[in-house]
Amino acid sequence: MTATPTRSSAGASVTKPNLFHFTRLPRPTVDRAAGIYLWDKQGRRYIDGSSGAVNVNVGHGNQAVIDAMKRQMDRVSFAYTIHFESEPALALGHELAQRLPTGLDRIYFVSGGSEAVEASLKLARQWAVATHQPKRWKVIGRMPSYHGITIGSLGVTGDEVLTPAFTPIGKSMPLVPAPFVHRDKDNLSLEQRGQRYADMLEDKIIEEGADSVLAFIMEPIGGAATAALVPPDSYFARIRDICDRHGILLIHDEVMTGIGRTGRFLGGDHWNCRPDIVVLSKGLSSGYAPLGAIAATEAIVGPVLAMGGFLHGHTYGGNPVATAAGLAVLGEIDRLGLTGNAAAMGEVLKGELQTLAKRFPFVADVRGKGLLLGAELYAAAVAKTPLPRDHNANVRLIDLAFERGLIIYSRRVRGGPESDNFMVCPPLIVTREQIGEIVDVLGDSLQALADELGLPVNS
Ligand code: PLP
C-alpha cells in the first residue's frame, strides 16, 4: 500500500502508515467536514450518505456541539465517575430519561455501542442473580444481527463471518431467525408471518429451558446486518408478551436506530415498545466524542445496586467532554427539529430509492424508516435470486459510489441467505436538494454496476 506523504502533528513526514484496520484498502486522508460533506487532503468532496457509521446524526461541524465541548474542556476534561459526578453527565441522564419510554430512567454511560451492549448483558445477568434467579444466563439473539465487536457483544451477534474465530474464547448464545418476512414463500399475510417469527422466540425459549433464559436482544429496526429490516407490526407486541410470560428481559439495541435516526426518538417508539433495557450510542454523540449508554428500569437497577453495585466500569465512561457533546447533540436535535426532518426527508429519500428500483430492476425491497434506509441487490428481484457471490456486488457498489464522491453503507447480508444490500443513511440535517444530489450519484453508481456486471436497466 502506498501512503500519501503527510505531516504528523509533531512535524515529521509520515509516509508509511503504522495503523491497521478491518480491511487493507488504501483510503484517502480526511481533511475537514461540514454539514453532510467531507473533503480529503486532495480537496475531493464526498457526500456523507452514511453519516459516517450511521452515527453523525446532527451532521459534521455543528458549532453548538463543538462550543459545548470546548467550554467543558476549559472547565474540566476528565473526572473519574468513581470520584465525581459531572454536570453534563447529570444533565444528559436527565434529558435522556425525559425522552425514553416511561420508567427507563436509570442511565449508565459508556464509550461506545459494543461497550453498551456488554453493559446491558452484565446488568441483566446481575439482575437475575440479585433477584434469586441464578440459573438465568442465556441471552437469545437473532440471525443475522449485529450487536458489536467485543467478545461479549459478538456472543449475541448472528454473523457467520465475524463470530466463528472467537467462539472458543467467548460464549455463543442461542439465535432465532430475524424476521425476513418478505422472502418467505407461503400463503400467510405479513402480519401472520410477523407472529410466526415471534413465536420462534418462544420455541427457542422452551427448547433452551425457560428458566435458563435471561434476555432477548434485538434491533427494533435492523442495522447493517439486515439493511434496515422492519418487522411487521404484529412482531413487537408478541415479542413483549412472550418475554413477559417467561420472565425474560427484553433488550432493545438502539445503537443505530436511536436518537431520531428513524423519525422517532427510538426505533421502538414506532410501535410504542417498552423494553426493559435500551442500548444507545452512535447518534447520541453524533461522532463528536465516544459515547454510549444503557437505560433500564428501577426494577432492574434497584436490586443490582442493593446487592452491592453494578460490577462494571470503564475509565472513560460518562466522562465530562463526551457527555457534554451528547447533551449538546440532544439540544441540536430539538432546536433543528431533526427527528421530524428524518421522518420527512426519509419519505422523500425512500420514494427516490423506489424510483431507482424501477430503473434498476436488480434493486429491490427498499425498506427502513426515517433516514435508516436500505435495499437489496438481486440477480432477479421478483424471484429474489441472489447475485453470484464472486460478483461482490455490495463492495463494488460502495467503491463505484465512493469514486463518484458518495459514501454509502453496504454489505452482504451477514450470515443470512446469500444476498447483497446497501444502505443510504445521510445525516438528519439533509435537505431535499441534497437528497437529489445523493440520488443522482447513486443512480450513476448503479448504472456503472449494471454495466460492469451486465445487469438489466430499464429506460
Ligand atoms: N449495536 C448495533 C445495532 C450497531 O449497529 C453497532 C455498530 O454498528 C454496535 C452495536 C456496536 O457499536 P460500536 O461500533 O460503537 O462498538
Side-chain angles (χ1 to χ4, degrees), residues 8-10 30-39 48 51-100 104-113 115-116 119 254-256 258-261 265-266 278-295 313-342 426-431:
S8 75
S9 62
V30 71
D31 187 40
R32 64 197 165 88
I36 71 155
Y37 303 102
L38 297 126
W39 287 263
D48 193 354
S51 304
V54 198
N55 63 325
V56 186
N57 287 12
V58 302
H60 299 278
N62 181 296
Q63 204 53 51
V65 180
I66 294 166
D67 289 344
M69 293 174 74
K70 282 183 182 163
R71 279 196 303 275
Q72 185 56 48
M73 287 166 90
D74 282 340
R75 292 181 70 85
V76 48
S77 292
F78 186 82
Y80 193 26
T81 46
I82 281 192
H83 305 141
F84 292 103
E85 297 284 13
S86 76
E87 282 180 347
L90 287 167
L92 180 58
H94 176 75
E95 291 298 324
L96 273 178
Q98 309 304 305
R99 290 162 174 80
L100 292 169
L104 284 160
D105 55 5
R106 304 305 310 270
I107 318 281
Y108 185 93
F109 290 118
V110 294
S111 306
E115 278 186 18
E254 295 261 10
V255 166
M256 196 178 271
I259 324 292
R261 168 59 56 188
F265 189 68
L266 296 181
V278 165
V279 184
L280 296 167
S281 185
K282 292 197 184 267
L284 182 56
S285 63
S286 278
Y288 288 81
L291 181 63
I294 55 170
H314 297 278
T315 299
Y316 292 106
N319 79 79
V321 179
T323 48
L327 188 59
V329 162
L330 290 190
E332 287 298 272
I333 297 238
D334 287 355
R335 186 179 72 82
L336 301 169
L338 295 186
T339 307
N341 196 56
L428 312 189
I429 53 168
V430 73
T431 64

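- Looking at Y288, its side chain does come within 3.5 Å of a backbone N or O of G61 through a donor-acceptor pair.
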Next item on the list: Please report the C-alpha distance between D74 and R71 in whole Å, then the side-chain angles of each, then the deciding distance to 0.1 Å, and finally whether the side chain to side chain contact (heavy atoms under 4.5 Å, CB included) criterion is met.
Entry: CA-CA 5 Å; D74 282 340; R71 279 196 303 275; 5.7 Å; no

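- Side-chain atoms of D31 never come within 3.5 Å of backbone atoms of W39 as a donor-acceptor pair (strictly under, hydrogens ignored).
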Margin query: Would F109 and L92 count as a side chain to side chain contact (heavy atoms under 4.5 Å, CB included) here? Give the steps.
Written below: CA-CA 10 Å; F109 290 118; L92 180 58; 3.6 Å; yes

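- Closest heavy-atom contact between G318 and S86: O-OG, 4.4 Å.
- Pairs passing the ring pair (Phe, Tyr, Trp, His ring centres under 6.0 Å) check and including a residue from residues 314-336, sequence neighbours excluded, read F78-Y316, H312-H314.
- Closest heavy-atom contact between V110 and A119: CG1-CB, 4.4 Å.
- Note that the CD atom of E115 and the CD1 atom of I294 stand 11.5 Å from one another [nearest 0.5 Å].
- The nearest pair of heavy atoms linking T339 to I333 is OG1-CG2, 3.5 Å.
- Between the CG atom of L284 and the CG atom of L330 there is a distance of 6.5 Å, given to the nearest 0.5 Å.
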Next item on the list: Give the intermediate values and the outcome of side chain to side chain contact (heavy atoms under 4.5 Å, CB included) for residues F265 and L100.
Entry: CA-CA 8 Å; F265 189 68; L100 292 169; 4.0 Å; yes

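- Atom OG1 in T323 sits 10.5 Å away from atom CD in E87 (nearest 0.5 Å).
- From L327, atom CG reaches atom NE2 of H94 across 10.5 Å, with rounding to the nearest 0.5 Å.
- Within the 3.5 Å criterion, the main-chain N or O of V58 finds a donor-acceptor partner in the side chain of S286.
- For the pair R261/S51, a side-chain contact is recorded, criterion being any heavy-atom separation below 4.5 Å from C-beta on.
- Under the 4.5 Å side-chain criterion, counting only non-hydrogen atoms from C-beta, E332 is not in contact with V329.
- Looking at residues two or more places apart in sequence or on another chain, you find no ring-ring contact (aromatic ring centres under 6.0 Å, His included) involving F84.
- Between K282 and A53, the shortest heavy-atom contact is NZ-O, 2.8 Å.
- Between the side chain of N57 and the main chain of I259, a donor-acceptor pair closer than 3.5 Å is present.
- E95 pairs by the side chain to side chain donor-acceptor pair (under 3.5 Å) definition with R99, not counting sequence neighbours.
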Note to self: Determine whether L266 and L280 satisfy the following criterion, side chain to side chain contact (heavy atoms under 4.5 Å, CB included), listing intermediate values before the conclusion.
What the structure shows: CA-CA 9 Å; L266 296 181; L280 296 167; 3.8 Å; yes

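- Contact record, D48 with P427: O-CD, 3.2 Å, taken as the closest heavy-atom pair.
- For the pair A342 and G260, the tightest heavy-atom approach, listed with the atom from each and the gap, is CB-O, 3.4 Å.
- Using modelled atom types, one side-chain atom of S281 and one backbone atom of L291 make a donor-acceptor pair closer than 3.5 Å.
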